[in-house]
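The structure appears below as structure tokens.
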Amino acid sequence: MGRALAVFIWVMTILSVWMFLDGRWWFPASISEHGPAYDQQFILTIIVVGVAFAAAQVALGYAVWRFRDTGDGTRAVYSHGNNRMEIIWTVVTAIIFISVGILGQRVWYSLHMQPVAAGAATVRVTAQQFQWNYHYAGADGKFGHTDPRKISDEAINYIGLDETDPASKDDAVLQTLVTQVNRPVQLILMARDVTHSFWVPQLRFKQDAVPGLEIPVHFTPNTVGRYEVACAELCGQQHYKMRSYMLVLPDDEFNALSALSQTQYQARVAELYKKYPVPTY
Ligand SMILES: [Cu+2]
């Protein structure tokens, strides 16, 4: 029985390592400026913890095999451990994991703690059960005033846009996130009801949207296409349906789209959806 368990542990270890090496269930290709830095950091972490995991499991299998009950009646030996060994492996583990943590902070800092680059497009994002609303300032570059008391799903005013504010006249509230390739985007994430989480796997980017908070985030998409925006926070019964799409458009298509009226806009977005199928992964 001891041998069978040891072999089982080793086989499971090999399968687990193979799942990562095979790459079949890996991330979709990244489409943002900071994506490669994130991926590099992730690979480094995976290698470090992968080596530790494999070594620990092989050693566990060995111990199970070596010290199995052989039926000859010998009694087990109890050990009080070895303080020097304890200190060594605790210090080594601490050094490795703190170093990996600090390296990770660098990537995180550049994305989350630095101000957005000049010339960025700003979109205010209001999450609600169970949809994403993207608020664009329009030609005047000014967002119309919003008021939670004006929110009405029946009147198709999902974000409570104040129609009496002149700045709101040219605003658009849509369910598609439209961005321009290689232009930084700043999102102001908000939530109407419960906590949601903005996630585009290809951006390597995930951030909660929390009621009562305005959370600014920014990134620069660098690959034209259409990508799924998922809600990554279990936010209610239809959480699984809470998704929308992010279009990353070349400059000419973006400008042409921006010039359209709201009705033409919807039709054009539908065309662009056909033109840019969602990547399969
Ligand atoms: Cu949600």
Side-chain angles (χ1 to χ4, degrees), residues 25-32 34-35 38 42 108 111-113 116 120-137 143-162 171-179 184-221 225-249 262 265-266 269-270 272-273 276-281:
W25 295 284
W26 204 244
F27 302 126
S30 95
I31 59 144
S32 74
H34 67 269
Y38 252 65
F42 191 83
W108 176 261
L111 190 63
H112 290 264
M113 298 295 174
V116 65
T122 299
V123 182
R124 292 174 71 84
V125 183
T126 303
Q128 72 178 90
Q129 288 172 320
F130 298 93
Q131 72 179 38
W132 294 99
N133 303 298
Y134 302 102
H135 180 191
Y136 301 88
F143 287 97
H145 180 249
T146 54
D147 182 343
R149 284 167 299 191
K150 293 196 188 297
I151 287 175
S152 164
D153 288 353
E154 295 74 44
I156 319 190
N157 190 354
Y158 300 114
I159 64 164
L161 191 62
D162 184 353
D171 286 17
V173 179
L174 306 159
Q175 274 68 51
T176 302
L177 176 57
V178 185
T179 65
V185 191
Q186 181 177 43
L187 303 181
I188 313 287
L189 296 176
M190 292 163 287
R192 250 177 58 172
D193 34 40
V194 298
T195 303
H196 301 273
S197 186
F198 178 89
W199 185 36
V200 178
Q202 286 89 347
L203 285 178
R204 303 292 190 270
F205 195 92
K206 190 189 279 180
Q207 173 62 54
D208 279 4
V210 182
L213 292 183
E214 292 193 357
I215 302 177
V217 292
H218 60 88
F219 53 85
T220 307
R226 172 158 66 108
Y227 309 97
E228 194 179 344
V229 180
C231 176
E233 185 75 53
L234 183 57
C235 59
Q237 259 188 354
Q238 290 169 69
H239 157 71
Y240 70 97
K241 283 211 286 202
M242 183 165 169
R243 77 168 115 180
S244 65
Y245 293 104
M246 177 176 85
L247 283 170
V248 181
L249 299 178
Q262 186 118 359
Y265 194 100
Q266 299 293 3
V269 164
L272 289 168
Y273 273 18
Y276 299 114
V278 183
T280 47
Y281 54 90

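Counting starts at 1 for both ligands and their atoms, in listed order. Along the sequence shown, residues are numbered consecutively beginning with 1. Quantities reported herein were computed from a predicted structural model and do not represent experimental measurements.
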(request) Quick one: do R124 and T126 satisfy side chain to side chain contact (heavy atoms under 4.5 Å, CB included)? Show the steps, please. (result) CA-CA 7 Å; R124 292 174 71 84; T126 303; 5.6 Å; no
(request) Evaluate side chain to side chain contact (heavy atoms under 4.5 Å, CB included) for M113 paired with W108, printing each intermediate quantity in order. (result) CA-CA 8 Å; M113 298 295 174; W108 176 261; 4.3 Å; yes
(request) Tell me whether S197 has at least one N, O or S atom under 2.8 Å from the Cu ion (ligand 1). (result) no
(message) Angle at the Cu ion (ligand 1), SG of C235 to SG of C231, rounded to 10 degrees, please.
(response) 120°
(message) Report the atom name of the nearest N/O/S atom of H196 relative to the Cu ion (ligand 1).
(response) ND1
(message) Under the side chain to side chain contact (heavy atoms under 4.5 Å, CB included) test against R226, which residue among L272, V278, V269, L249 passes?
(response) V278
(message) To the nearest 0.5 Å, what is the distance between CZ on F130 and NE2 on H239?
(response) 9.5 Å
